[in-house]
Amino acid sequence: MSLQAMRIEVELPAGPVTVSADRREVPSGRGTIVVAHGAGAGKDHPFLEGFTRALTDEGFSTLRFNFPYVEQGRRMPGPATHAVLTWSAVVDAVRALDPDAPIWAVGKSYGGRMASMAVAEGAMSVEGLAYLGYPLHAPGKPEKPRADHLPLIGVPQLFVEGTNDPFIQPISQFDDVVATCRNARVVWIDGGGHTFEVKGRKLPASEIGASLAPIVAEFARP
């Protein structure tokens with residue numbers, strides 16, 4: 001199994017751009033899990049490398065990609081519209097490689113929220129969505145939740161969440177949001193923060209990412 005570098009064209013309102021992606025293909029027929037990074041790190045973060053490598057061990061092909069702002073060397077995300085269009089273009093590119101294979105969308109924090117918006121807006125079609133630390137609100141600002149679109153999503157949703165994640169406190173508010181979704185469940189990582197680090201347990205980011213792969217793989221299996 002080799003790592004294949006790709007360039008994917010995205011039609012943004014200001015004109016086309018290309019984003020880079022890395023693909024690992026597994027000839028198992030289980031399909032492809034497409035993975036997006038969080039706001040503060042690109043596709044090559046060790047967390048995502050460990051996560052996607054472990055997913056291939058579970059029998060899934062994977063593709064992880066950058067959003068345009070990362071390609072352009074900027075630290076802050078661009079407009080949500082750009083991220084939605086990028087998700088759509090990436091899923092279209094994956095589907096062109098194997099039109100009949102199922103596709104799941106997974107995102108770390110920001111990347112997952114953008115995937116949920118793309119599906120809610122009808123910009124892309126996937127078998128299901130998995131969020132690695134859904135950012136319900138900015139830390140300390142529960143009065144501004146980012147959840148109005150979640151009930152519009154018809155495909156299954158999996159929330160993988162740390163119990164100490166400041167982006168979903170208070171947890172009662174998060175539970176209320178999940179209850180509005182049509183088909184959603186939560187897997188809790190006890191003591192986990194927003195990057196799933198657990199106080200007193202020092203592990204490399206790649207190992208933390210890899211530890212979440214079996215949870216997502218179980219969700220994606222038929």
Side-chain angles (χ1 to χ4, degrees), residues 1-26 30-56 58 60-99 101-119 121 123-135 155 158 160 195 205-206 209-210 212-213 216-217 220:
M1 181 196 321
S2 61
L3 189 66
Q4 176 190 1
M6 298 176 59
R7 299 291 293 176
I8 298 172
E9 185 169 292
V10 183
E11 289 287 345
L12 298 183
V17 300
T18 59
V19 297
S20 57
D22 293 323
R23 178 173 181 254
R24 283 192 174 95
E25 185 177 5
V26 177
R30 284 183 171 164
T32 297
I33 296 179
V34 183
V35 181
H37 58 80
K43 68 177 177 61
D44 295 327
H45 191 279
F47 178 96
L48 294 185
E49 289 187 341
F51 176 68
T52 53
R53 188 177 295 275
L55 282 175
T56 60
E58 296 281 346
F60 290 91
S61 297
T62 65
L63 184 140
R64 64 180 195 269
F65 67 94
N66 278 336
F67 287 112
Y69 75 94
V70 172
E71 294 289 308
Q72 295 160 4
R74 293 187 284 112
R75 297 182 63 183
M76 297 299 293
T81 301
H82 292 187
V84 167
L85 290 171
T86 303
W87 258 114
S88 177
V90 169
V91 168
D92 285 348
V94 172
R95 186 161 284 115
L97 295 171
D98 190 351
I103 299 172
W104 294 266
V106 180
K108 175 70 184 80
S109 190
Y110 167 83
R113 184 166 73 94
M114 294 299 104
S116 69
M117 292 176 63
V119 172
E121 294 174 13
M124 72 176 188
S125 175
V126 292
E127 303 297 318
L129 291 160
Y131 314 112
L132 307 179
Y134 187 87
V155 299
L158 171 69
V160 183
T195 57
S206 59
L212 304 180
V216 175

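All values derive from a computational prediction rather than experimental measurement.
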* **Mutual orientation of the aromatic rings belonging to F47 and F51 [parallel < 30°, tilted 30-60°, perpendicular > 60°]** =>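 If you compare the ring of F47 with that of F51, the planes turn out parallel.
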* Asked: When the ring planes of F67 and Y69 are compared, do they come out parallel, tilted or perpendicular, using 30° and 60° as the limits?
  ->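 F67 and Y69: parallel rings.
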Non-hydrogen atoms of [X] and [Y] that approach each other most closely:
| X | Y | value |
| --- | --- | --- |
| Y131 | G112 | CE2-O, 3.4 Å |
| Y110 | G78 | OH-O, 4.2 Å |
| V155 | G128 | CG2-CA, 4.0 Å |
| G31 | A101 | CA-CB, 4.3 Å |
| T62 | T52 | CG2-O, 3.7 Å |
| S116 | L129 | CA-CD1, 4.0 Å |

For [Y], does its backbone N or O pair with a side-chain atom of [X] as donor and acceptor, under 3.5 Å?
| X | Y | value |
| --- | --- | --- |
| R95 | S125 | yes |
| E71 | S20 | yes |
| T86 | H82 | yes |
| R30 | E58 | yes |
| W87 | G111 | yes |
| S88 | L85 | no |

Do [X] and [Y] have side chains that approach each other closer than 4.5 Å (heavy atoms only, starting at C-beta)?
| X | Y | answer |
| --- | --- | --- |
| L132 | V216 | yes |
| M124 | V34 | no |
| E25 | L97 | no |

* Asked: If you draw a 6.0 Å radius around CZ in R7, do more than 12 non-hydrogen atoms from other residues or ligands fall strictly inside?
  ->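 Yes, the 6.0 Å shell around CZ holds more than 12 heavy atoms from other groups.
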* To do: Please assess L55 against V26 for the test side chain to side chain contact (heavy atoms under 4.5 Å, CB included), listing each intermediate value before the final yes or no.
  => CA-CA 10 Å; L55 282 175; V26 177; over 6 Å; no
To the nearest 0.5 Å, how far apart are [atom1] in [X] and [atom2] in [Y]?
| X | Y | atom1 | atom2 | answer |
| --- | --- | --- | --- | --- |
| I103 | E127 | CD1 | CD | 8.0 Å |
| E121 | T81 | CD | OG1 | 7.0 Å |
| Q72 | N66 | CD | CG | 11.0 Å |

* Just do the side chain to side chain contact (heavy atoms under 4.5 Å, CB included) check on M6 and L63 with the steps written out, would you? => CA-CA 9 Å; M6 298 176 59; L63 184 140; 3.5 Å; yes
* Mind jotting down which residue pairs meet the side chain to side chain donor-acceptor pair (under 3.5 Å) criterion with at least one end in residues 31-45? Sequence neighbours excluded, please. =>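 Counting only pairs at least two positions apart or across chains, the side chain to side chain donor-acceptor pair (under 3.5 Å) contacts touching residues 31-45 are D22-K43.
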